[in-house]
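By convention in this document, chain letters (A, B, ...) are assigned in the order of the sequence lines, proteins followed by strands, and residues within each chain are numbered from 1.
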There are 2 protein chains.
Amino acid sequence: MNIGHAAEASGLPAKTIRYYEEIGLVRPSRAANGYRDFGEGEISRLSFLAQARSLGFTLEECRRLLELYSDEGRASREVRTLAQGHLEAVRERIAELGRLAQTLEALIDRCPGDDSPHCAILDELTGDARR
Amino acid sequence: MNIGHAAEASGLPAKTIRYYEEIGLVRPSRAANGYRDFGEGEISRLSFLAQARSLGFTLEECRRLLELYSDEGRASREVRTLAQGHLEAVRERIAELGRLAQTLEALIDRCPGDDSPHCAILDELTGDARR
DNA sequence: ATGGTCCTTCCAGCCGCTGGAAGGTCAAGC
DNA sequence: GCTTGACCTTCCAGCGGCTGGAAGGACCAT
C-alpha cells in the first residue's frame with residue numbers, strides 16, 4: 001500500500017504521514033522502487049494517530065499511547081493517567097479562554113461601536129481603564 | 001530608555017521587544033552607541049501590545065489595534081468589530097475544547113484504570129469502539 | 001513516445017516567541 | 001588604566017505540527 005492509499009485509509013494527508021515517519025511514529029517498509037509500502041500494522045498505527053490527534057493529544061502523547069497500544073502487557077491505568085492529564089490540560093485551557101471571553105465581552109459591551117473615537121477597549125489596552 | 005528598562009516598564013521580555021521591532025510593531029530610535037532608545041510613545045505601544053496579547057489578540061490584530069489607537073479619527077465601531085471577531089474565535093475554540101473534554105471524560109470513565117490491559121480509550125483510538 | 005498521475009527528497013515558511021553564541025559598550029571598583 | 005560584570009548588539013536555530021512548493025524519478029495508459 002503506497003502513501004496515497006495509506007492517506008486515504010487513515011484520513012491523514014500524505015505530507016503528514018511522511019512527517020510522522022521522519023519523527024519515528026511509523027516505520028513503513030520500502031518497495032523496490034523506493035516507494036513507501038504500508039502494511040496493515042502501519043495503517044492501524046496511522047488511523048490510531050489520526051484518532052488520537054483528533055482528541056487533541058500531542059505527538060509525544062501519541063507516541064506514548066502507541067507504545068501502550070502495542071504493549072500487550074500494559075496496565076490500563078497508564079492509559080487512563082495519560083488521558084486524565086490531557087483532559088486536565090484541556091480543562092485548564094477552557095477555563096483560561098473562558099476568563100478571556102468574559103473580559104472581552106465586558107469590554108465590548110462598554111464600547112459604543114459607533115463613529116466616535118472613544119472606546120473602552122482601547123482604554124483598557126492603554127491602561128486608561130480607570131474612570 | 002534602553003531595552004532592559006523598556007522590558008521592565010512594559011512587562012515584555014527584551015527578546016520579544018526585539019522581535020516586535022523586527023516585524024515593525026515598534027520603531028525605537030537608536031542611541032549613538034547603537035542601543036535602542038525607547039521614548040514615551042514607544043513604551044506606550046509596548047504596554048499596549050502586552051495588554052492586547054494578554055487578551056489573546058494575534059499580532060496582526062495587534063497591529064490593526066495599534067493603527068486604530070494612534071488614529072484620532074477612528075470610529076470605535078472598527079475596534080468593536082475587531083474585538084467581536086476575536087471573541088467569536090475564542091468562543092468557537094471553547095466550544096471545540098468543550099466537546100473534546102466531554103469525549104475524553106466519557107472515555108476515561110469507561111477505562112478501568114487498573115492492572116488489566118483492556119482499555120476503552122485504546123479501543124476508541126483503534127476504532128474498536130463498537131461493543 | 002507522450003502525457004498524466006503518482007512517488008521521492010529537500011528546503012522554506014507558518015505563529016510567536018525563546019535560547020544561545022559571539023562580540024561591542026558601559027559603569028564601578030581596584 | 002585595567003578588570004569585572006552587567007548590559008547591549010546581531011545572527012542563527014529550534015519549539016509543534018504541519019504545509020507548500022520545487023525538482024526529479026516511477027508507473028501506467030494510450
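- Nearest nucleotide to the B:Thr16 side chain, out of C:dC7, C:dT18, D:dT10: C:dT18.
- Distance CD1 (A:Ile17) to C1' (D:dG17): 15 Å, rounded to an integer number of Å.
- Contact annotation: A:Arg36 reaches the phosphate of C:dT8 (side-chain N/O to OP1 or OP2, under 4.0 Å).
- For the pair A:Glu21 CD and D:dT19 P, the interatomic distance rounds to 17 Å; values are reported in whole Å.
- Remark: P of D:dC27 and CG of A:Asp37 are 13 Å apart, rounded to the nearest angstrom.
- Taking atom CG on A:Leu12 and atom C1' on D:dC18, their separation rounds to 11 Å, with Å as the unit.
- Here the side chains of B:Arg63 and B:Thr58 are not in contact, with every heavy-atom distance at 4.5 Å or above.
- A donor-acceptor contact under 3.5 angstrom links the side-chain atoms of A:Tyr35 to the base of D:dG25.
- Residue B:Ile3 is classed as a sugar-phosphate contact, given heavy-atom separations below 4.0 Å to backbone atoms only.
- For the salt bridge (Lys or Arg N to Asp or Glu O under 4.0 Å) with A:Glu21, the qualifying choice from A:Arg30, A:Arg27, A:Arg45 is A:Arg30, the only one to do so.
- Residue whose closest nucleotide on DNA chain D sits further toward the 5' end, between A:Asn33 and A:Tyr20: A:Tyr20.
- Put simply, CG on A:Leu59 is 13 Å from P on D:dC15, counting in whole angstrom units.
- No hydrogens or angles were tested; on distance alone, a donor-acceptor pair under 3.5 Å links the side chain of B:Lys15 to the base of C:dG20.
- The 12-atom threshold is exceeded at CD of B:Glu96, counting heavy atoms of other residues, nucleotides or ligands nearer than 6.0 Å.
- For the pair A:Phe57 CZ and D:dG17 C1', the computed distance is 17 Å after rounding to whole Å.
- When the side-chain nitrogen and oxygen atoms of B:Thr58 are compared with OP1 and OP2 of C:dC15, none of them lie within a distance under 4.0 Å.
- The shortest distance between the side-chain N/O atoms of B:Arg30 and the OP1/OP2 oxygens of C:dT25 is not below 4.0 Å.
- Ion pair B:Arg64/B:Glu61 not flagged as a salt bridge, since none of the NZ, NE, NH1 or NH2 atoms sits closer than 4.0 Å to an Asp/Glu carboxylate oxygen.
- Taking A:Arg99 as the reference, nothing meets the salt bridge (charged side-chain N to carboxylate O under 4.0 Å, His left out) condition, with sequence neighbours excluded.
- Taking the side chain of B:Arg18 as heavy atoms from C-beta on, and the options D:dT19, D:dT9, C:dT18, the nearest nucleotide is D:dT9.
- When heavy atoms are screened at a 4.0 angstrom cut-off, A:Arg53 is found touching the sugar-phosphate backbone but no base atom.
- Computed from coordinates, the A:Tyr19 OH to C:dT8 P distance equals 18 Å when rounded to whole Å.
- The distance from atom CG of B:Asn2 to atom P of D:dA6 is 16 Å, rounded to the nearest whole Å.
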